[in-house]
Number of protein chains: 2
Amino acid sequence: MRANPVESPEALDRLAGTTLASEPFFLAARVSGQGSGAANRRLAELGLKVRHYSVLALACSDVHPTQRELSHYLLLDPSQIVALIDELQALGAVQREPDPRDRRSKMVVATAAGRALYRRAKKVVDAASSDSLSALTTEQREDFLALLRLAAFG
Amino acid sequence: MRANPVESPEALDRLAGTTLASEPFFLAARVSGQGSGAANRRLAELGLKVRHYSVLALACSDVHPTQRELSHYLLLDPSQIVALIDELQALGAVQREPDPRDRRSKMVVATAAGRALYRRAKKVVDAASSDSLSALTTEQREDFLALLRLAAFG
DNA sequence: GCATATCGTTGAGATTGTCAATGGTCTTGG
DNA sequence: CCAAGACCATTGACAATCTCAACGATATGC
C-alpha cells in the first residue's frame, strides 16, 4: 500500500526468478498490496479506503452481517470494525440494527445513500482490479478468481 | 495477520456468496493475510517474521539485491528496509556490501549463518503455505502459482 | 439461578506505513 | 570539466493499523 514509486522494472526482472517468487504467500501479498494500493488511490476521491469499501459491500448484501462476522471475514480485530462502522455511519452510509436472534450483536446494513455510494465505489474498484490484472486474459482471470476463492476459504 | 480466533465457519458460509467474494484484491488480501499470519506464527520460534524471511530469501539468492531493489520488490518503504536489515545484521544473518557499480547503493548478502537460518525458515514457511493451500490439489497449486506470478509482476 | 462464554466497545501500547530532509554519489548538458 | 538535478541509504517525526486486555450487557448450559 505504498505511494507507487513507478515500480522500476529492472529490479523486478532481476529478482523475479528467485525462490521467493515461488512462495504463494509472498506473491499473494504482492498482488494484494498492489491491488489495494491502486484501489485506495482511486477510492480517495470518494473519501473511502478499501477497508470501508469492503464493509460497505457486505452491508449492501442481503446477509446483514454482524460486526463479529465482518471481523472474521475481513480478518480485522473487532475494535477496528467498530471504528470503521463509526466512520461509515458518520457518512450516513450504514446503520447498526439490532439482531433479532441475539441482542448482544448488531447487524450492519447500508442505507439508500450507502448503496448509492457503493455503486460508485464499485466502479472505481473494478477499474483498479481490472488493470491490476491486465497481464491476464479474460479466461485466466476466471481461473484465477476460482483458485483465489478456493485458497481464501476452504 | 490476526491471532487466529479459530475462524468461525458459519460466518464464512453466509458471506462467501456476496459480490465482495468476486473482487480479486479482496480475495488476495485474505489469502495473503491468512498465509503470512500462519507463517508468522511458525517463524516466531526462529525470531523472525515474514518480512525478515523475505529479505533473507533474497539476500541468499545470487542476485545480490540492493536495498532499493528490495524496497521495490517487497513494496516496503526504503526506511523499513533499513530497519529490517539492521535487525538481520544484528542476528549475523546478512551483511551490507558496497555495490561496485554504484557507491550510493549497498548490496545485501547473506552470511553462512544467514543461509543456514534461511534453510530452517524455509521449511516452516513451506509447511505453512502448504496447509494454507490444503484445499487445492497439486495441479491446482501449480496453476495458482503461475497465475499469481502473472498477476504479481506483468 | 449460576457459571461460563460471546458481543460490542473502549483504551493502551506496539508495530507498521508514510513522508520530508540530509549527506553522499551518479548523471547529464553545456 | 562543471554545475544542476536525480538517486541512494539513513534518520526522524507523525499517522495508520494491529494487538491485547478489560468492561457491561446478553446468551447458554448446567
Side-chain angles (χ1 to χ4, degrees), chain A residues 1-11 29 32-34 36-37 40-41 43-44 47-52 54-55 64-89 94-108, chain B residues 1-8 10-11 29 32-34 36-37 40-41 43-44 47-52 54-55 59 64-89 94-108:
Chain A
M1 298 202 194
R2 290 176 61 249
N4 197 21
V6 185
E7 206 47 78
S8 79
E10 330 93 37
S32 164
Q34 287 179 148
S36 57
N40 269 328
R41 256 169 269 136
L43 282 173
L48 297 177
K49 299 183 183 177
V50 292
R51 316 160 68 77
H52 304 102
S54 299
V55 170
H64 301 303
T66 281
Q67 292 185 209
R68 181 63 49 163
E69 290 173 326
L70 291 172
S71 167
H72 287 151
Y73 199 57
L74 302 177
L75 301 180
L76 293 173
D77 193 80
S79 60
Q80 296 189 72
I81 300 293
V82 170
L84 240 30
I85 293 181
D86 283 349
E87 289 166 11
L88 285 171
Q89 199 165 24
V94 305
Q95 273 176 238
R96 283 178 240 240
E97 291 186 3
D99 183 343
R101 305 168 189 274
D102 187 338
R103 278 185 300 169
R104 287 173 304 178
S105 60
K106 299 173 188 172
M107 301 186 314
V108 179
Chain B
M1 297 196 196
R2 289 175 62 249
N4 195 21
V6 189
E7 204 49 78
S8 78
E10 329 91 38
S32 162
Q34 287 180 149
S36 56
N40 268 329
R41 256 167 271 134
L43 282 174
L48 296 177
K49 300 184 183 176
V50 292
R51 317 159 66 79
H52 303 104
S54 300
V55 169
H64 300 302
T66 281
Q67 292 186 208
R68 182 63 49 161
E69 289 173 327
L70 291 172
S71 166
H72 287 151
Y73 199 57
L74 301 178
L75 302 181
L76 292 174
D77 193 79
S79 60
Q80 296 190 70
I81 301 293
V82 170
L84 240 30
I85 294 181
D86 284 348
E87 291 166 10
L88 285 172
Q89 200 164 23
V94 305
Q95 274 175 236
R96 284 177 239 239
E97 291 186 3
D99 183 343
R101 305 167 189 276
D102 187 338
R103 279 184 299 170
R104 287 172 303 180
S105 60
K106 299 174 188 172
M107 300 185 316
V108 179

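Chain letters run A, B, ... following the sequence lines, proteins first and then strands; every chain starts at 1. We use all heavy atoms of the structure for the numbers below, so side chains are in, but hydrogens, waters and symmetry mates are not.
Here B/R104 contributes atom CZ and B/R68 contributes atom CZ; the two are 9.5 Å apart, rounded to the nearest 0.5 Å. Of the inter-residue distances, the one linking A/L76 atom CG with A/L70 atom CG reads 9.0 Å to the nearest 0.5 angstrom.
Heavy-atom minimum distance, A/H52 versus A/L88: O-CD1, 3.8 Å. Of all the heavy atoms in A/D77 and A/S71, the pair that sits closest is C-OG, 4.0 Å.
At C/dT9, one or more side-chain N or O atoms of A/R96 fall inside 4.0 Å of OP1 or OP2 (strictly under the cut-off). Between B/R103 and the phosphate of C/dC26, there is a side-chain N or O to OP1/OP2 separation shorter than 4.0 Å. When the side-chain nitrogen and oxygen atoms of A/R68 are compared with OP1 and OP2 of C/dC7, one or more of them lie within a distance under 4.0 Å.
Residue B/R101 contributes atom CZ, which lies 17 Å from atom C1' of C/dT27 at whole-angstrom precision. One can place CG of B/D102 at 12 Å from P of C/dT28, the figure rounded to the nearest angstrom. Taking atom CG on B/L70 and atom P on D/dC8, their separation rounds to 13 Å, with Å as the unit. Between the CG atom of A/L84 and the C1' atom of C/dT9 there is a distance of 15 Å, given to the nearest Å. The separation between A/K106 atom NZ and D/dA25 atom C1' is 10 Å, rounded to whole Å. The nearest whole Å value for the distance from the CD atom in B/Q67 to the C1' atom in D/dT11 is 13 Å. Atom-to-atom, CG of A/D86 to C1' of C/dG11 comes out at 14 Å; the value is rounded to the nearest Å. Between the P atom of D/dA9 and the NE2 atom of B/H72 lies a distance of 9 Å, rounded to the nearest Å.
Panel note: side chain B/N40, backbone B/V50; a donor-acceptor pair is recorded below 3.5 Å. Between the side chain of A/Q89 and the backbone N or O of A/D86, no donor-acceptor pair lies under 3.5 Å.
With hydrogens and angles left out, the side chain of A/R104 and the base of C/dT6 share a donor-acceptor pair within 3.5 Å.
By the side-chain contact (heavy atoms from CB on, under 4.5 Å) test, B/Q67 pairs with B/I81, B/V82, B/I85, B/R96, B/K106, B/V108, sequence neighbours left out.
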Atom pairs, N/O to N/O, protein against nucleotides 12-17 of chain D, distance under 3.5 Å?
none

